[in-house]
2 protein chains.
Amino acid sequence: MDVTGDDLLKMLTALSNQHRLRIVGLLSVERDYVSRLAGRLGMSRPLLHMHLARLEAAGLIEGSLELSADGKAMKFFEVTPFALHLTPESVAEAVKTLSDDRRGDGDEK
Amino acid sequence: MDVTGDDLLKMLTALSNQHRLRIVGLLSVERDYVSRLAGRLGMSRPLLHMHLARLEAAGLIEGSLELSADGKAMKFFEVTPFALHLTPESVAEAVKTLSDDRRGDGDEK
DNA sequence: GACAGGTGTCAGAGAATTCTGTCACGTGAT
DNA sequence: ATCACGTGACAGAATTCTCTGACACCTGTC
């Protein structure tokens, strides 16, 4: 199986946003650092920071702090090669492992 | 090619919810009608109605009003056999056809 | 020191989504 | 007529998400 239902939901939530979809699109072509990315997307750094954090929490992208030649700390982000195959069956499979924060999920048939 | 960026975003938004994921999971096994589904999911009919509308708007499920043997009008829902393959590349491809609806939606096709 | 360009974080307003009420309509059985 | 069971739709509260502004830190250069 692919992922647990919780992880799937987190990934879908992370991708259900225009900006974050665009971020993944850009990073899948070329890795980039925060400030430049903000300029290319036309959004503020704090906002981009939040979106990046969401994507990273979902495991879709990964960031690494690096030092440029002139000593500036730059955080580069790149996509992780995820592959989500979404079908009614795979969703049904993932739902079985969804954490239920309402009540105990029994074996309802 | 899969779908347009707009449609992809709509599908992802529709699936980025615990309840709606569960609905798809149940319906992929067995088609069902609204009231019974509400009972199985433990949610109110109005709420379920909203979630179903969202899923149907995204093209993930489809409803049809049918008449039972005893004359009651029942709306049955079933999943449409969607297949979304999500990878960094497919996202990048879909992003190209994302509509820029920041404000006045002008020249959309 | 002052500046530029990189990083991150916080509080709070604004907007969208989620959820709960309650209501109305239709049909068949009591 | 009243009840049970199906449908749909409407306001309004509660919650979450989105976004902006201002702040603090670090390093190298003028």
Side-chain angles (χ1 to χ4, degrees), chain A residues 6 9-24 31-58 60-78 98 100-103, chain B residues 6 9-24 31-58 60-78 98 100-105:
Chain A
D6 256 18
L9 181 57
K10 205 182 293 181
M11 290 190 202
L12 290 172
T13 306
L15 287 175
S16 66
N17 177 278
Q18 209 186 45
H19 294 313
R20 291 196 288 267
L21 223 48
R22 232 181 274 271
I23 291 171
V24 171
R31 67 200 296 263
D32 210 343
Y33 61 94
V34 181
S35 284
R36 202 169 96 90
L37 205 51
R40 292 211 286 166
L41 287 164
M43 69 171 72
S44 64
R45 266 69 49 97
L47 181 55
L48 176 61
H49 190 270
M50 190 257 295
H51 286 309
L52 288 174
R54 250 174 134 67
L55 284 169
E56 191 173 28
L60 297 171
I61 67 174
E62 197 170 352
S64 60
L65 193 65
E66 299 178 12
L67 289 172
S68 69
D70 50 342
K72 288 184 188 123
M74 304 159 97
K75 186 150 192 185
F76 276 88
F77 278 92
E78 57 195 304
L98 251 181
D100 215 7
D101 48 67
R102 267 180 105 79
R103 56 181 196 173
Chain B
D6 255 19
L9 182 56
K10 203 181 294 181
M11 290 190 205
L12 290 171
T13 307
L15 288 176
S16 66
N17 177 279
Q18 207 187 45
H19 293 315
R20 292 197 287 269
L21 222 49
R22 231 180 275 270
I23 290 170
V24 171
R31 67 200 297 264
D32 211 340
Y33 60 96
V34 182
S35 283
R36 200 168 96 92
L37 204 51
R40 291 213 285 167
L41 287 164
M43 69 171 73
S44 65
R45 264 83 56 180
L47 180 56
L48 175 61
H49 191 269
M50 189 259 292
H51 286 308
L52 288 173
R54 246 172 138 68
L55 284 169
E56 191 173 28
L60 296 171
I61 66 173
E62 197 170 352
S64 60
L65 193 66
E66 298 177 12
L67 289 173
S68 69
D70 50 341
K72 291 190 185 115
M74 305 158 97
K75 187 150 192 184
F76 275 88
F77 278 91
E78 56 196 303
L98 251 181
D100 272 3
D101 49 60
R102 286 236 159 137
R103 39 196 172 159
D105 202 356

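In what follows, chains are A, B, ... by sequence order, proteins preceding strands, each numbered from 1.
- The line from CZ of F77(A) to CG of L37(A) is 9.0 Å long, rounded to the nearest 0.5 Å.
- Counting only residues at least two apart or in different chains, salt bridge (Lys or Arg N to Asp or Glu O under 4.0 Å) contacts with residues 39-53 of chain A comprise E30(A)-R40(A), D32(A)-R40(A).
- Residues satisfying the side-chain contact (heavy atoms from CB on, under 4.5 Å) criterion with A53(B), sequence neighbours excluded, are absent altogether.
- Dashed line: the shortest gap from a side-chain N or O of Y33(B) to OP1 or OP2 of dG6(D) is under 4.0 Å.
- Dashed line: the shortest gap from a side-chain N or O of S44(A) to OP1 or OP2 of dT20(D) is under 4.0 Å.
- Contact between the side-chain N/O atoms of R20(A) and the OP1/OP2 oxygens of dT18(D) is found at a separation under 4.0 Å.
- Atoms CG (L37(A)) and C1' (dG6(C)) sit 14 Å apart, rounded to a whole Å.
- A 4.5 Å side-chain heavy-atom check between Q18(A) and L9(B) finds at least one atom pair inside the cut-off.
- In this model, the phosphate group of dC17(D) is not approached by any side-chain N or O of N17(A) to a distance below 4.0 Å at OP1 or OP2.
- With sequence neighbours excluded, the residues that form a side-chain contact (heavy atoms from CB on, under 4.5 Å) with E62(B) are T80(B).
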Exercise. When every nucleotide of nucleotides 22-30 of chain D is labelled 5' to 3' by its protein contacts under 4.0 Å (heavy atoms), B for base, S for sugar-phosphate only, - for none, what sequence of letters results?
Worked result: B----SS--

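- Listed by residue number, the members of residues 47-58 of chain B with any heavy atom below 4.0 angstrom from DNA chain D are H49(B).
- Under the side chain to side chain donor-acceptor pair (under 3.5 Å) criterion, the residue pairs touching residues 65-75 of chain B are R31(B)-E66(B), S64(B)-E66(B), S68(B)-D70(B), D70(B)-K72(B), with sequence neighbours excluded.
- Side-chain N/O atoms of S35(A) include one lying less than 4.0 angstrom from OP1 or OP2 on dT7(C).
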